Amino acid sequence: MATADITVMGGGIFGLATAWECTRRGARVRLIERDRIGAGSSGGLVGALAPHVPEAWNEKKAFQLASLLTAESFWAEVKARSGIDPGYARLGRLQPLADADAVAQAERRVESASTLWRGAAEWRVERGADSWRGQSPTGLWVRDTLSARLHPRHAAAALVAAIREAGGEVIEQQGLEDRPPEPVGKVLWATGVQGLAALSADLCRPVGTGVKGQAALFACSAAKRPQLFIDGLHIVPHGDGTVAVGSTSERDWQDDSATDDQLDRLIGKARAACPMLADAPVIDRWAGVRPRASTRAPLLGPWPGREGHYVANGGFKIGFGMAPKVAGVMADLMLDGRDAIPEGFRLH
């Protein structure tokens with residue numbers, strides 16, 4: 001391709017989504033991944049696009065809401081341009097209520113969700129039990145209609161195909177002896193855990209670190225079911241006859257890509273929580289390290305002291321849900337000079 005207007009370094013969800021958004025707006029975009037697409041945490045299994053609770057509102061929750069509400073149109077266009085189904089479906093989420101205090105808290109959030117979510121989704125308390133959700137200790141559940149699911153690996157493949165179909169370039173370096181091309185034009189660094197380390201070194205202060213996670217994939221047909229969130233466990237049915245379960249959060253580990261007995265315990269917990277998984281075979285096990293910023297919010301905007309260089313990092317557990325909005329504000333900034341990044345997301 002001709003000299004790029006934008007070079008995106010990193011083939012995780014923030015890099016791919018922003019590369020796509022810039023390409024669809026007419027920019028000449030080159031994405032360079034020094035390993036393979038989804039080599040880091042974006043190559044996982046879970047894909048839960050779930051909101052924070054509708055209370056104690058802040059700029060991160062508002063940003064996340066905007067992203068979740070634009071996700072359907074974002075992924076529909078990616079699917080149309082790529083011919084690959086990213087696995088998006090907004091089917092909601094169920095959470096069991098453990099006791100009377102949990103019920104009272106959930107009922108208080110019904111009204112706040114109506115206000116804060118602007119009527120675009122519901123948070124409600126309902127009674128129920130079935131072969132998918134099992135039993136709640138109180139018989140009651142929270143159902144939110146904002147949560148959605150996405151298949152991480154299919155979504156990454158769809159973004160790559162959409163970028164290329166629209167005239168962008170995607171380069172993967174895994175197994176190649178040649179050095180990757182040098183970035184030209186404006187440069188977005190979306191390089192995950194390695195990027196946080198580079199930022200920390202450059203700014204002479206810690207800006208984030210990695211947190212290992214492990215997840216499992218079951219063979220189980222539950223494509224039209226809502227996702228479950230039970231005792232910290234995400235159970236996410238995908239459209240291809242699988243159900244993903246995750247994840248652990250580990251600050252210390254020996255091997256960042258190895259699964260172990262922590263995942264075995266998680267699998268047992270999932271089987272106990274969801275009747276349909278009791279005898280379902282596990283067909284994949286995954287481990288990886290997710291980039292977590294010290295602020296617990298994504299890090300977006302110019303790289304301090306490096307003219308023409310930008311950062312999109314720190315997605316941690318909410319990267320896929322945040323990606324449409326992250327892509328939009330980074331494209332606004334790099335292409336049009338329009339800065340709509342929340343103050344709490346900035347690097348200083």
Side-chain angles (χ1 to χ4, degrees), residues 8-21 31 33 35 37-52 59-71 74-75 78 86-88 146-160 188-196 199 207-215 227 229 234 236 238 244 246-249 256 286-301 310-331 341-342 344-345 347:
V8 175
M9 303 298 293
I13 186 57
F14 280 1
L16 287 167
T18 305
W20 159 244
E21 183 64 24
L31 183 146
E33 166 52 51
D35 189 351
I37 298 298
S41 59
S42 295
L45 301 171
V46 180
L49 313 186
H52 289 89
E59 60 186 1
K60 182 169 77 170
K61 291 184 179 182
F63 190 97
Q64 182 193 48
L65 174 65
S67 192
L68 291 173
L69 292 178
T70 60
F74 180 92
W75 291 108
V78 171
Y88 177 86
L146 182 55
S147 293
R149 63 123 198 269
L150 191 71
H151 194 299
R153 296 172 184 177
H154 297 176
L159 282 166
V160 170
L188 175 67
W189 295 90
T191 46
V193 175
Q194 293 78 16
L196 291 179
L199 278 167
V207 301
T209 189
V211 178
K212 182 178 177 179
Q214 299 185 50
Q227 61 186 271
F229 185 62
H234 291 279
V236 182
H238 290 305
S247 61
T248 64
S249 289
D256 60 9
W286 174 88
V289 181
R290 299 160 295 185
R292 180 188 182 278
S294 301
T295 60
R296 303 199 68 175
L299 296 176
L300 307 178
Y310 302 82
V311 173
N313 207 325
F316 194 35
K317 296 182 179 181
I318 57 174
F320 278 91
M322 289 286 211
K325 183 69 171 173
V326 167
V329 298
M330 293 308 300
I341 295 170
F345 292 17
L347 278 160

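All figures in this text were calculated on a predicted structure; none of them were measured in a lab.
- Nearest heavy-atom pair across L146 and L65 is CD2-CD1, 3.7 Å.
- Contact check for S249 versus R292: no side-chain heavy atoms found under the 4.5 Å cut-off.
- Listed here is the closest heavy atom pair of A312 and L188: N-CD1, 3.7 Å.
- For T191 (side chain) and G10 (main-chain N/O), no donor-acceptor pair under 3.5 Å exists by modelled atom type.
- Here the side chain of N313 pairs a donor or acceptor atom with the backbone of G192 at under 3.5 angstrom.
- Atom-to-atom distance recorded for L199:CG and Q194:CD is 12.0 Å, nearest 0.5 angstrom.
- What you find for K60 and R296 is that their closest heavy atoms are NZ-O, 2.8 Å.
- Without hydrogens or angle criteria, Q227 side chain to A148 main chain gives a donor-acceptor distance under 3.5 Å.
- The structure places NE2 of H52 at 6.5 Å from NZ of K61, a figure rounded to the nearest 0.5 Å.
- Looking at heavy atoms from C-beta onward, V329 lies in side-chain contact with F63 at the 4.5 angstrom threshold.
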* To do: Tell me, with the steps shown, if V211 and K317 meet side-chain contact (heavy atoms from CB on, under 4.5 Å).
  => CA-CA 10 Å; V211 178; K317 296 182 179 181; over 6 Å; no
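- Across all non-hydrogen atoms, the minimal contact from L31 to G15 is CD1-O, 3.7 Å.
- Separating the CG atom in L16 from the CD1 atom in I37 is a distance of 5.0 Å, to the nearest 0.5 Å.
- Residues T18 and Y310 have side chains not in contact (no heavy-atom distance under 4.5 Å, counting atoms from C-beta outward).
- The environment of K212 atom NZ is dense: over 12 non-hydrogen atoms of other residues, nucleotides or ligands sit within 6.0 angstrom.
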* **Stepwise side-chain contact (heavy atoms from CB on, under 4.5 Å) test for L159 and W75** => CA-CA 9 Å; L159 282 166; W75 291 108; 3.6 Å; yes
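- The heavy-atom pair separating G246 from A215 by the smallest distance is CA-CB, 4.1 Å.
- The closest side-chain heavy-atom distance from W20 to F74 is below 4.5 Å.
- Considering CH2 of W286 and CZ of R153, their distance stands at 8.5 Å, rounded to 0.5 Å.
- F14 CZ to L299 CG: the interatomic distance, rounded to the nearest 0.5 Å, is 9.0 Å.
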For residues 40-51, please give each side-chain donor-acceptor pair under 3.5 Å, one per line with the distance, not counting sequence neighbours.
{"unit_1": "S42", "atom_1": "OG", "unit_2": "I13", "atom_2": "N", "d": "2.9"}

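- For the pair M330/I341, a side-chain contact is recorded, criterion being any heavy-atom separation below 4.5 Å from C-beta on.
- Across every non-hydrogen atom of R290 and G213, the tightest pair is NH2-CA, 3.4 Å.
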